[in-house]
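Structure, as structure tokens:
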Amino acid sequence: MKNEFELMDQLFDELLPITRSITGEGVRKTINILKKFIPLEMFSVKTGTKVFDWEIPKEWVIREAWIKDEDGNEIINMKNHNLHVLNYSVPVNKKMSLEELKPFIHTIPHLPDAIPYVTSYYKERWGFCMSYNQFKSLKEGTYHAFIDSELKDGELNYAHAILPGQSSKEILISTYICHPSMANNELSGPIVAAFLYNRMKEYRDRKFTYRFVFVPETIGSIAYLHRFGEHLRKNVYSGFVLTCLGGKNYPLSFKRSRNKKAPINKIVDYLISTGEMELIVRPFTPTHGSDERQYCSPGFNLPVGQFARMVYGQYKGYHNSLDTKEVMTIEKLIDGVNEIEKILKIQEWDGYYINTNPFGEVKLDKHGLYPDINTPLNGNASNNQKIDNRKQLNAILTMLNYSDGEHSLLDIAQLSGIHLDNLMNAIKLLKEKGLLKGPYYEKRSLFE
Amino acid sequence: MKNEFELMDQLFDELLPITRSITGEGVRKTINILKKFIPLEMFSVKTGTKVFDWEIPKEWVIREAWIKDEDGNEIINMKNHNLHVLNYSVPVNKKMSLEELKPFIHTIPHLPDAIPYVTSYYKERWGFCMSYNQFKSLKEGTYHAFIDSELKDGELNYAHAILPGQSSKEILISTYICHPSMANNELSGPIVAAFLYNRMKEYRDRKFTYRFVFVPETIGSIAYLHRFGEHLRKNVYSGFVLTCLGGKNYPLSFKRSRNKKAPINKIVDYLISTGEMELIVRPFTPTHGSDERQYCSPGFNLPVGQFARMVYGQYKGYHNSLDTKEVMTIEKLIDGVNEIEKILKIQEWDGYYINTNPFGEVKLDKHGLYPDINTPLNGNASNNQKIDNRKQLNAILTMLNYSDGEHSLLDIAQLSGIHLDNLMNAIKLLKEKGLLKGPYYEKRSLFE
Amino acid sequence: MKNEFELMDQLFDELLPITRSITGEGVRKTINILKKFIPLEMFSVKTGTKVFDWEIPKEWVIREAWIKDEDGNEIINMKNHNLHVLNYSVPVNKKMSLEELKPFIHTIPHLPDAIPYVTSYYKERWGFCMSYNQFKSLKEGTYHAFIDSELKDGELNYAHAILPGQSSKEILISTYICHPSMANNELSGPIVAAFLYNRMKEYRDRKFTYRFVFVPETIGSIAYLHRFGEHLRKNVYSGFVLTCLGGKNYPLSFKRSRNKKAPINKIVDYLISTGEMELIVRPFTPTHGSDERQYCSPGFNLPVGQFARMVYGQYKGYHNSLDTKEVMTIEKLIDGVNEIEKILKIQEWDGYYINTNPFGEVKLDKHGLYPDINTPLNGNASNNQKIDNRKQLNAILTMLNYSDGEHSLLDIAQLSGIHLDNLMNAIKLLKEKGLLKGPYYEKRSLFE
């Protein structure tokens, strides 16, 4: 049986060649392949449907795209790299001089080997992309520009999978599936999301319901919000967008939620302030980013942030053909699954607890939680055992004292300096003894 | 036609010689001269009227004041400088020895050339002021002290001018008119206020109503509050007292409003934190200062601060004859008008805005607010144009995202780091497109 | 007549030899001796009574305890030091080999001269304590272990004294009386509490009611809360536990109240931030400490902290026979009485005041609170007098301006930087003139 790395590697290779765009066959193929790992339900929205200030565009069909020189030699062909065709290009079939052709060819002069990724979703255009080196080598002459494409009434597709938990409160995890053959800025997100689904599926007593969402970027999340936004506004407790999670030597990076009280912000703050995880934090901004711009639009203001690693501005492969598996690395996607699972585990335990015996201290020995003799020697315990006992005792006393419905687990960890693992262990013991109730997700009075 | 500097200079020269006090002809003359620049309405309150814990004092009439030696030589005469007579002096006509006279003569030994400014409003006294050098040179002998003055039942006067705006919310601008021939600590305030009136008069679509108040210090503002205090408490949104606005090489200085949430405090904080204006901040204190002590008394607690430049303790001319035009300078009064107008302009734009399409992002290209192709080359735009486009785009996206009725313009400027000018430009564009409403002056829900 | 030092010294010597435990004759004897200084009312709770999660244990009677060697030589005898018997020991009368006896002897190997203090309240055990040096010198042979003790149905005792004030709001001062012959960690608390009672008794116009509580640690405060907890929750405004108040060269140390808004926290913060008292602050923690752990259990959350000086971990005498009068010193107990009295005096004055003339400034000269001439010379006053006058004027203006029911005296001291003594003097003057009302213990509107 294949291990996680091999499965991920194989999934990557299967998804890479697909010519995705915001609509069309590429999105549907991608969803179908992902179904092997996550039970996605696919939805469709018809071309022309109004979604808030937007309208679902026509569906793009792309069959062929190439340029030939006057001798019939292929200069470029999207069969070799699907970035060669301007994404959403209208058809063309025209012979023209180099001068006439040039305005339709996009390059990146400062990255002369890279084929750029160019889109024109909302204005009808045709065009090609090639490396600047190739562009410079084009000779005078007549060229044949050919694109066999279609913009037709069709549909936009997105998909989700819901993993139920004890509570109807939801964790929203969203990623996008609309870029063609790029690694970091396309496949890292859906692959990490799919594997995270499988991790969370294994949690017994899962407290939250997990909503995994796969959409074309921007228009897809807007369409998703148009259909599910009211539900999300009522039920989403925490969440994040996944994007650009690859990049050797890059730590995980969190873009804060616009909603300052978002639980995901608090978890990341905790992990950073205690040094428990290497994490970079970016402020929320509506000017750059991914679908969190939609989820955090003021009408929804969902408590979601965004996780990424190597982002726009940090690597030269951004939006061009240098965005490859080698730059992304499968290892970093596995790191991402591990790190985000850890964060979700903390989310599962965080919340407000209630001490069921809040008047005076609990008599711990009666409940089997305390040594019954108070002496400097303390029986036969080794020094390490005594230190561990004291740590556990501190965690128990601390949880009992602050479980007043007003301090969350993270508050308690932060004010006491006690490691979250010790507190979570104390919670487990105290809940077994009936001495603690919770977690609750809003402050509450001890006396309710 | 005279320019602003010449007009100001001329107004100064006309106002300087008047023998002002808290009551009397000097105040009325001053108001009448100021009417050439600002349409002041004058009010009077009768001697003996109770105003809160105070009572309107008698009106002071001063006709003549001098000391002569036994040979009839004039030692001092208020015709030469009106500081020579103790302000509010009762009459005297008495020949007396130097020893007898000395307790009635006020000097400043550590500033031997300065004639001090001494008042005795609430206890009947007579007295003279002279330079310490002159005082020391007085020879033994008999002197004739003569003051032809009167304290009679009369009135206290103050004046205001109201410049209406779209809203009944008011900006209170108050200054005083009760000191005799001094420059910085008397004329700088009323002159800046009068010229500011003329600047604000030019604003089309002025949002606020501006209330310009000219009062004798302390007793005048108390009398003003006695008459208009209830109205001010309901309507004043922001404001400040103007005092001591001259002083070469001194930056503008703001004394914070007692009311911590006062909008004027927030504007000054913004200007300082961004370095947009050189400004010094002083904390609010009730122990020193001008009429803000009355406006900020706890029963009113108006959201007003105080602007000044060279204040008490910073120049040796304070309350004596060294407080001259040369020390104040007309240039600095013009600087003050410019700086305070800038602050009022920010006040005009600040407030809470509402995005009328808060669900998902607005489709900017549809509204003519976005380039319609996403490419590294972006048509023929020059680099500078692209940077400007991006700046405008950032400002637009930022205003739309945070215009949720909970973030004020200054909040948005501060959290985004985007220059206020760019945000104000974005507001203009977005309001033209119907995409933004506001400003409102209280937080409000997006869904109202 | 004896002075405070001599009285304290004598009380210490009388209390030291008593064999206290959490129940029994020792507690009652201690209370009776303290009655000479503070009119304590004693309470009893029967063995077996449920108090929250706890139960009142049996009463311990201890008559004799010794070990003899086979020649009848006394090895140890509790007559020589009552730490030699394990506190709460059950009876024993047994001859046994050294090997058999050893597990019942407690020592501190790293403090070879110290007899440890060991207790076993909630599990029936017998045992002895001795110095490690003595323990090492024991020879092989047969020993006779003898303890004549009894655990019988009886009672637990505690006591309190209530010193009434104008308000029913209470200051809770609690200390413990359950350790045998130790100085710092037993007698420092009750002695300081008793002498503090006598200081506060002298306050005319005492605003608060003072509740002095003397309990066996932990079980005693839990029993006290079981009986008086509801009353305390409603009436306690401020307070603290007193423990370990001795220790040459140690500053007073405050353990913050769990309740962040506790007035006692604010006073200590004020004293530290202004440098007015040398004080160390410890955070609140439920894992170590004294009865504040019970008072601050989440069901009560009383606004009480804890004062101490040389605490657990700071001196080698903690819980052993090295905890002596020489290490504690009577001088430090007197320092403690002085320091805590100062804190209570501030507590007496703190609160919210109301300016009865809040509209504009008060006309101070009218009320005899202001010089009636405004001159740089100001009559015949010396420079120091002038500085003092200005200080008083500042304090008066500041109290009047901020006495709006929203700023407490400590808030005003902190925001103005004016010394508390000056503000308290201004309050006295202003209350005499009818210009100020208060203190109130909750924020209130000026217009109530």
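Note that this is a predicted model, so its numbers are computed, not measured. Convention: sequence-line order gives letters A, B, ...; per-chain numbering from 1.
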Quick one: closest heavy-atom pair of [X] and [Y], and the distance?
| X | Y | result |
| --- | --- | --- |
| A/Gly360 | C/Ser297 | N-OG, 2.8 Å |
| C/Pro298 | A/Asn355 | CG-ND2, 3.9 Å |
| A/Asp365 | C/Tyr122 | OD2-CB, 3.5 Å |

Does [Y] offer a backbone N or O that forms a donor-acceptor pair with the side chain of [X] under 3.5 Å?
| X | Y | result |
| --- | --- | --- |
| C/Arg293 | A/Leu397 | no |
| A/Asn401 | C/Cys296 | yes |
| C/Gln294 | A/Glu361 | yes |

field: Part of A/Ile396 within contact of chain C (heavy atom distance under 4.5 Å)
entry: neither

query: Side chain, backbone, both or neither: which part of A/Asn357 has an atom under 4.5 Å from a heavy atom of chain C?
result: side chain

field: Sorted by number, residues from residues 414-447 of chain A in contact with chain C (heavy atoms, under 4.5 Å)
entry: A/Leu446, A/Phe447

Minimum side-chain heavy-atom gap C/Arg258-A/Asp404 below 4.5 Å: yes

message: I want to check something: taking the side chain as every heavy atom from C-beta on, are A/Thr398 and C/Thr287 in contact at a cut-off of under 4.5 Å?
response: yes

- request: Apply ring-ring contact (aromatic ring centres under 6.0 Å, His included) to C/Phe43 and list each qualifying residue two or more places apart in sequence or on a separate chain.
  value: C/Tyr158, C/His160, C/Phe228

With a sphere of 6.0 Å drawn around [atom1] of [X], does it hold more than 12 non-hydrogen atoms of other residues, nucleotides or ligands?
| X | atom1 | answer |
| --- | --- | --- |
| C/Glu55 | CD | yes |
| A/Lys366 | NZ | yes |
| A/Lys391 | NZ | no |
| A/Glu278 | CD | no |
| A/Lys260 | NZ | no |

- request: Could you tell me the separation between the OG1 atom of C/Thr218 and the NZ atom of A/Lys363, rounded to the nearest 0.5 Å?
  value: 10.5 Å

Rounded distance [0.5 Å steps], NE2 in A/His367 versus CG in C/Asp53: 3.5 Å

- prompt: When the ring planes of C/Phe284 and A/Tyr402 are compared, do they come out parallel, tilted or perpendicular, using 30° and 60° as the limits?
  reply: perpendicular

